[in-house]
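Every heavy atom of this structure was used, including side-chain atoms; hydrogens, water molecules and symmetry mates were not. This is a predicted model, so every value here is computed, not measured. Proteins get letters first, then strands, A, B, ... in listed order; numbering begins at 1 in each.
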There are 2 protein chains.
Amino acid sequence: MHALADESRRTVLNALAEGPASAGELAALLPIARPGVSRHLRVLREAGLVEVRQQAQRRVYSLRPEPLAEVDEWLGRYRALWEQRLDALHTEVARGKRERRSSR
Amino acid sequence: MHALADESRRTVLNALAEGPASAGELAALLPIARPGVSRHLRVLREAGLVEVRQQAQRRVYSLRPEPLAEVDEWLGRYRALWEQRLDALHTEVARGKRERRSSR
DNA sequence: ACGTTATGTACCTTGACGGGTACGTAACGG
DNA sequence: CCGTTACGTACCCGTCAAGGTACATAACGT
């Protein structure tokens with residue numbers, strides 16, 4: 001999850017979600033200098049979120065979305081909770097309307 | 001998403017997923033000192049992830065899971081991707097077995 | 001009113017991390 | 001070979017946020 005903390009990282013991931021891209025192409029999307037992007041890519045690579053294949057001089061990165069399934073799983077613990085919460089909110093809103101009509 | 005970056009924050013959220021708890025109770029779960037927890041709770045509160053109600057001297061925190069739905073939505077972009085990827089992996093594994101039998 | 005309990009806040013220190021610059025290094029094209 | 005392209009890495013610096021300590025504050029119980 002740590003690897004997802006940075007804004008630039010997520011931008012890279014968003015881009016890679018569209019399809020594979022070289023390091024240079026990814027760097028062009030970010031406001032930071034190219035070496036910075038290389039570092040981000042390293043982190044993402046070590047986190048197992050992306051993978052590289054060499055293609056001539058270019059290094060083409062692509063998404064390895066499996067690890068995000070872990071985050072998804074973590075969120076799963078809350079999903080039921082917020083769904084029931086949202087349901088509760090709906091009925092609460094209805095109740096609130098009735099009460100506001102009588103008292104207040 | 002920033003509010004989820006810290007390990008302690010997630011621990012607090014995990015605890016609150018079990019049910020409401022006071023600041024002190026939450027602090028007991030963390031390796032850090034109590035004031036630190038108070039600060040974390042403030043961040044979570046300002047991020048809208050938790051809410052407080054005063055109960056005597058105690059301040060009881062509870063989860064407001066709605067905002068996590070946003071993260072869930074963000075992940076949604078990848079969910080389809082990794083599911084198709086995992087499917088591809090399965091067929092790849094099958095194909096790999098066949099190839100390993102013949103060549104290699 | 002006074003001590004106690006439960007909690008937040010102010011202030012400071014330190015460590016981690018993002019970013020830039022300069023440099024090293026493979027893979028090509030001639 | 002030699003220049004160029006496309007990267008990565010080493011080193012340095014500034015910022016920022018987490019954590020600790022000390023202090024302020026509010027709600028009880030007596």
Undergrad: Name the closest nucleotide to the B:Asp6 side chain, picking from D:dA18, D:dG8, D:dC28.
TA: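 Nearest listed nucleotide: D:dA18.
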Undergrad: Please determine whether side chain to side chain contact (heavy atoms under 4.5 Å, CB included) holds for the pair A:Arg9 and A:Leu13, giving the CA-CA distance in whole Å, both sets of side-chain angles, and the decisive distance to 0.1 Å.
TA: CA-CA 6 Å; A:Arg9 306 251 173 86; A:Leu13 290 181; 5.5 Å; no
Undergrad: Under a 4.5 Å cut-off applied to non-hydrogen side-chain atoms, are A:Val50 and A:Arg64 in contact?
TA: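 They are not in side-chain contact.
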Undergrad: Select from A:Pro31 and A:Ala56 the residue whose nearest nucleotide in DNA chain C is closer to the 5' end of that strand.
TA: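 Looking at the nearest nucleotide for each, A:Pro31 comes out on the 5' side.
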Undergrad: First and last nucleotide of DNA chain C in contact with chain B, 5' to 3', at under 4.0 Å to a heavy atom: what are they?
TA: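 On DNA chain C, the outermost contacted nucleotides are C:dT5 to C:dA10.
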Undergrad: Just how far is it from atom OG of A:Ser8 to atom CG of A:Leu44, taken to the nearest 0.5 Å?
TA: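 So the OG of A:Ser8 and the CG of A:Leu44 are separated by 10.0 Å.
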Undergrad: Kindly indicate whether the side chain of B:Arg53, heavy atoms from C-beta on, has any atom under 4.5 Å from the side chain of B:Tyr61.
TA: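 No - every pair of side-chain heavy atoms lies 4.5 Å or more apart.
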Undergrad: Can you check the B:Arg59 CZ to D:dA27 P distance for me, whole Å?
TA: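 The distance from CZ of B:Arg59 to P of D:dA27 comes to 10 Å, rounded to the nearest Å.
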Undergrad: So, the side chain of B:Glu25 versus the backbone of B:Ser22: is there a donor-acceptor pair under 3.5 Å, distance only?
TA: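 Yes.
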Undergrad: Quick one: do A:Leu16 and A:Val52 end up in the same hydrophobic cluster if we chain Ile, Leu, Val, Met, Phe, Trp and Tyr together by side-chain heavy atoms under 4.5 Å apart?
TA: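 Yes: a chain of side-chain contacts under 4.5 Å links A:Leu16 to A:Val52.
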Undergrad: When the distance from CG of A:Leu44 to P of D:dG8 is rounded to whole Å, what number comes out?
TA: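 It is 12 Å, rounded to the nearest whole Å.
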Undergrad: Between residues 32-42 of chain A and DNA chain C, which residues have a heavy-atom gap below 4.0 Å?
TA: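 Hits under 4.0 Å, by residue number: A:Ile32, A:Ala33, A:Pro35, A:Arg39, A:His40.
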Undergrad: Whole Å only: how far is the CD atom of B:Gln54 from the C1' atom of D:dA27?
TA: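 Distance, rounded to whole Å: 8 Å.
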Undergrad: So do B:Leu63 and B:Leu49 actually touch side chain to side chain, heavy atoms under 4.5 Å?
TA: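 B:Leu49 does not reach B:Leu63 side chain to side chain.
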Undergrad: Can a side chain N or O of A:Ser22 be found less than 4.0 Å away from OP1 or OP2 on D:dA6?
TA: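 Answer is no, no contact under 4.0 Å.
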Undergrad: Do the non-hydrogen side-chain atoms of B:Arg42 and B:Ser38 ever get within less than 4.5 Å of each other?
TA: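 Side chain of B:Arg42 against side chain of B:Ser38, heavy atoms only: no contact under 4.5 Å found.
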Undergrad: Mind calculating the distance between CZ (B:Arg10) and P (D:dA18) to the nearest angstrom?
TA: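 About 12 Å, once rounded to whole Å.
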